[in-house]
Amino acid sequence: MSEPVKNTLLFLVVAVLIAIAGFMQSWNTALLILNMGLVSAIMAIGVNLQWGFAGLFNVGVMGFVALGGLAAVLVSMPPDPDAWQAGGVRVLIGLALGAATIIGAVLVYSRVKKGPLRAVGIIAILVGGFFIFRGVLDPGVDAVESVNPALSGYLGGLGLPVILSWPIGGLLAGGVAWLIGKTALGLRSDYLAIATLGIAEIIIAVLKNEDWLSRGVKNVVGIPRPVPYEIDLQNDPDFVSSAAGWGLDPVEASTLYVKLAYAGLFLVVLLVILWMTQMALKSPWGRMMRAIRDNEVAAEAMGKDVTRRHLQIFVLGSAVCGLAGAMLTTLDGQLTPGTYQPLRFTFLVWVMVIVGGSGNNFGAVLGGFLIWFLWVEVEPIGVYLMETITSGMAEGSALKSHLMGSAAHMRLFTMGLVLLLVLRFSPRGLIPEK
């Protein structure tokens with residue numbers, strides 16, 4: 001069987017699985033899987049850029065996804081005038097002083113000769129700047145967070161269309177990745193993994209605790225949407241009559257319409273990202289990145305700036321993850337920092353890349369859809385299997401209770417099993433790199 005035919009059949013299998021979920025459960029469930037599969041595929045492409053193209057082991061995926069989610073809030077939510085009046089300007093001045101402190105320390109480090117004078121200057125700037133920064137910022141933060149904390153308690157955003165937050169989420173994640181990469185990309189792969197994981201946890205901790213920025217664990221709800229609200233469609237006589245013509249209830253038709261609209265938007269973004277990454281892969285730049293991945297020493301001997309190229313690909317991959325994070329928050333309609341867990345946004349995305357095929361963009365897309373489908377469907381299938389297996393057991397049986405309780409762990413078991421099977425029988429993934 002030729003490779004194009006095999007790859008097409010793999011995508012058809014995933015499409016059939018999603019269609020089966022639509023027939024057996026509901027089309028709302030199938031479309032939810034499709035939408036999350038599209039977002040997951042974009043995340044997988046971002047990780048594949050870093051690992052598949054350059055061999056960078058980034059396990060801080062959830063941090064960049066969270067920055068994309070934050071961008072959706074900062075761009076689309078309306079500003080809170082009372083919070084801005086209470087302490088918004090003071091918060092901005094405090095942040096500017098913090099940035100000035102860091103810039104001042106960097107300038108001293110770069111322009112003063114190494115020695116005691118430079119060390120004392122840097123320490124003085126950092127310590128003094130920290131106290132000034134906190135002295136200005138903290139009262140402003142307290143004032144902002146005291147304004148109607150049950151419903152607001154934060155500055156809000158710019159009130160712009162939410163779809164603008166998608167590229168801005170990518171820019172925000174890419175900018176933070178540049179700052180991280182300037183210091184962390186000199187580390188060996190295992191230390192880079194530890195550093196990126198720690199930085200991701202710091203980002204999540206900031207989102208959870210800085211209420212003035214993202215309401216912390218109180219969450220930001222009601223994020224504007226790029227598609228109509230279901231209630232508006234249900235109150236539209238033309239839509240109701242069209243739904244009746246299809247034999248659908250207006251409520252069900254409205255949810256299907258909204259999910260299809262999201263699917264259309266997400267598909268366009270995925271296709272654009274896929275086309276761009278494919279063009280990059282086939283370009284001289286892409287061949288250079290793979291040469292650096294395969295042998296850094298030989299690439300350096302040929303005059304390639306390995307650190308600079310690593311920084312480029314690290315920023316690009318993180319920006320794609322940030323874009324996906326903004327899309328995900330838009331789909332959810334809320335920012336919930338407590339849900340940014342490594343299991344969902346790091347382990348799962350890495351499984352998608354490995355199973356699909358590291359170094360192959362189409363493999364990353366396939367892995368995104370397949371693994372997300374399994375993540376959603378395995379638990380209900382596991383419950384059904386356990387109910388079938390234990391149907392003949394007496395009620396109250398300890399073994400029956402144990403087996404039914406174990407169904408909740410089917411997701412993790414299946415992810416591990418799929419990963420092992422793929423690594424055993426197709427070590428390079430379902431769609432290997434050419």
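As a basis for the values below, the full set of heavy atoms in this structure was taken, side chains included, without hydrogen atoms, waters or symmetry mates. What you see is a predicted model, and the numbers here were worked out from it, not measured in a lab.
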Q: Considering all heavy atoms of both residues, which atom of Pro79 and which atom of Trp84 are nearest to each other, and what is their separation?
A: CB-NE1, 3.9 Å
Q: Start with the C-alpha distance between Ile292 and His310, add both sets of side-chain angles, then the distance that settles side chain to side chain contact (heavy atoms under 4.5 Å, CB included), and finish with yes or no.
A: CA-CA 9 Å; Ile292 291 174; His310 277 174; 3.6 Å; yes
Q: Checking side chain to side chain contact (heavy atoms under 4.5 Å, CB included) for the pair Val39/Met43: CA distance, chi angles, key distance, verdict?
A: CA-CA 6 Å; Val39 176; Met43 289 186 197; 3.9 Å; yes
Q: Knowing that exactly one of Val220, Val162, Val65, Leu335 qualifies, which makes a side chain to side chain contact (heavy atoms under 4.5 Å, CB included) with Thr329?
A: Leu335
Q: Which pair of non-hydrogen atoms, one from Leu270 and one from Ile42, has the smallest distance, and what is that distance?
A: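 The pair with the smallest heavy-atom distance is CD1-CG1, 3.8 Å.
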Q: Among Leu265, Leu31, Val227, which residue satisfies the side chain to side chain contact (heavy atoms under 4.5 Å, CB included) criterion with Leu260?
A: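 Of the listed options, the one satisfying the test is Leu31.
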Q: Might you point out which heavy atoms bring Gly52 and Ser358 nearest each other, and give the distance in Å?
A: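 Heavy atoms of Gly52 and Ser358 come nearest at CA-OG, 3.7 Å.
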Q: Return the set of residues passing side chain to side chain donor-acceptor pair (under 3.5 Å) with Ser26 (not counting sequence neighbours), or none when no residue passes.
A: Thr29
Q: Is the backbone N or O of Val422 less than 3.5 Å from a side-chain atom of Ser426, with the two atoms forming a donor-acceptor pair by type?
A: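 Checking the backbone N and O of Val422 against the side chain of Ser426, no donor-acceptor pair under 3.5 Å is found.
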Q: Within this structure, what is the CH2-CG distance for the pair Trp372 and Leu38, rounded to the nearest 0.5 Å?
A: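 Going from CH2 on Trp372 over to CG on Leu38, the span is 12.5 Å.
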Q: Please list every donor-acceptor pair under 3.5 Å in which a side-chain atom of residues 102-123 meets a protein atom from a residue at least two apart or in another chain.
A:
{"residue": "Ser110", "atom": "OG", "partner": "Val106", "partner atom": "O", "Å": "3.1"}
{"residue": "Ser110", "atom": "OG", "partner": "Leu107", "partner atom": "O", "Å": "3.1"}
{"residue": "Arg118", "atom": "NH1", "partner": "Tyr109", "partner atom": "O", "Å": "3.0"}

Q: Walk me through it: do Trp375 and Met415 pass the test side chain to side chain contact (heavy atoms under 4.5 Å, CB included)?
A: CA-CA 8 Å; Trp375 184 256; Met415 293 300 106; 4.0 Å; yes
Q: Any chance you could measure Met24, atom CE, to Glu377, atom CD, to the nearest 0.5 Å?
A: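 The CD atom of Glu377 is 10.0 Å from CE of Met24, to the nearest 0.5 Å.
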Q: Checking Ser318 now: which residues fulfil side chain to side chain donor-acceptor pair (under 3.5 Å) with it, not counting sequence neighbours?
A: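 Side chain to side chain donor-acceptor pair (under 3.5 Å) check on Ser318 returns Gln50.
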Q: Out of curiosity, Leu374 CG to Leu370 CG, how far, rounded to the nearest 0.5 Å?
A: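 Result: 5.0 Å between the selected atoms.
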Q: Could I get the full list of salt bridge (Lys or Arg N to Asp or Glu O under 4.0 Å) partners for Arg290, not counting sequence neighbours?
A: Glu433
Q: Say whether, by atom type as modelled, one donor and one acceptor occur between the side chain of Trp350 and the main chain of Asn58 under 3.5 angstrom.
A: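 It does hold such a pair.
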Q: Donor-acceptor pair, Asn48 side chain versus Gly359 backbone, under 3.5 Å?
A: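 Answer holds: yes.
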Q: Around atom CH2 of Trp285, are there more than 12 heavy atoms from other residues, nucleotides or ligands closer than 6.0 Å?
A: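 Counting neighbours around CH2 of Trp285, more than 12 heavy atoms of other residues, nucleotides or ligands fall under 6.0 Å, so yes.
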Q: Tell me which pairs pass side-chain hydrogen bond (donor to acceptor under 3.5 Å, both in side chains) where either residue lies in residues 415-425, with sequence neighbours left out.
A: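 The answer is none; no pair qualifies.
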Q: Show which side-chain atoms of residues 11-18 pair as donor or acceptor with protein atoms under 3.5 Å away, not counting sequence neighbours.
A:
none

Q: For residues 300-308, which side-chain N or O atoms pair as donor and acceptor with protein atoms under 3.5 Å away, sequence neighbours left out?
A:
{"residue": "Asp305", "atom": "OD1", "partner": "Arg308", "partner atom": "N", "Å": "3.2"}

Q: Can you give me the closest heavy-atom contact between Arg90 and Gly140, atom names plus distance?
A: CD-N, 3.5 Å
Q: Taking Lys6 for the side chain and Ile431 for the main chain, is one N or O donor matched with an acceptor at less than 3.5 Å?
A: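 Side chain of Lys6 to backbone of Ile431: no pair is present.
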Q: Could you list the residues that satisfy salt bridge (Lys or Arg N to Asp or Glu O under 4.0 Å) with Asp332, not counting sequence neighbours?
A: none
Q: Pairs of donor and acceptor atoms involving the side chains of residues 205-215, under 3.5 Å and at least two apart or interchain, shall be tabulated with distances.
A:
{"residue": "Asn209", "atom": "ND2", "partner": "Ala205", "partner atom": "O", "Å": "2.6"}
{"residue": "Glu210", "atom": "OE1", "partner": "Trp212", "partner atom": "NE1", "Å": "2.6"}
{"residue": "Ser214", "atom": "OG", "partner": "Leu207", "partner atom": "O", "Å": "2.9"}
{"residue": "Arg215", "atom": "NE", "partner": "Ser152", "partner atom": "O", "Å": "2.6"}
{"residue": "Arg215", "atom": "NH1", "partner": "Asn219", "partner atom": "O", "Å": "2.8"}
{"residue": "Arg215", "atom": "NH2", "partner": "Pro149", "partner atom": "O", "Å": "3.0"}
{"residue": "Arg215", "atom": "NH2", "partner": "Ala150", "partner atom": "O", "Å": "3.1"}

Q: Counting only N and O atoms by type, is there a donor-acceptor contact under 3.5 Å from the side chain of Ser283 to the main-chain atoms of Ala280?
A: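 The answer is yes, because a donor-acceptor pair under 3.5 Å joins these two groups.
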Q: Drop me the distance from Ile313's CD1 to Leu185's CG, to the nearest 0.5 angstrom.
A: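 Result: 11.5 Å between the selected atoms.
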Q: Show every ring-ring contact (aromatic ring centres under 6.0 Å, His included) that has at least one partner inside residues 114-139, sequence neighbours left out.
A: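 Sorted result for residues 114-139: empty, none.
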Q: If you compare all heavy atoms of Ser165 against all heavy atoms of Thr330, which two are closest, and at what distance to 0.1 Å?
A: OG-OG1, 4.4 Å
Q: Taking all heavy atoms of Met410 and all of Gly382, pick out the closest pair and write down the distance.
A: CG-CA, 3.9 Å
Q: Just grab all the ring-ring contact (aromatic ring centres under 6.0 Å, His included) pairs involving residues 155-174, residues at least two apart or on different chains.
A: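 Listed by first then second residue: Trp166-Phe266.
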Q: So does Met276 have more than 12 non-hydrogen atoms from other groups sitting under 6.0 Å from CE?
A: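 Atom CE in Met276 is not crowded, with 12 or fewer foreign heavy atoms closer than 6.0 Å.
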Q: Is the closest basic N to carboxylate O distance between Glu296 and Arg309 below 4.0 Å?
A: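 No, Glu296 and Arg309 are not salt-bridged.
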Q: Applying side chain to side chain contact (heavy atoms under 4.5 Å, CB included), run through Leu233 and Val258 and close with a yes or a no.
A: CA-CA 9 Å; Leu233 294 173; Val258 168; 4.0 Å; yes
Q: Which residues pass the ring pair (Phe, Tyr, Trp, His ring centres under 6.0 Å) test with Trp27, not counting sequence neighbours?
A: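 Once residues adjacent in sequence are excluded, the partners of Trp27 under the ring pair (Phe, Tyr, Trp, His ring centres under 6.0 Å) criterion are Phe23.
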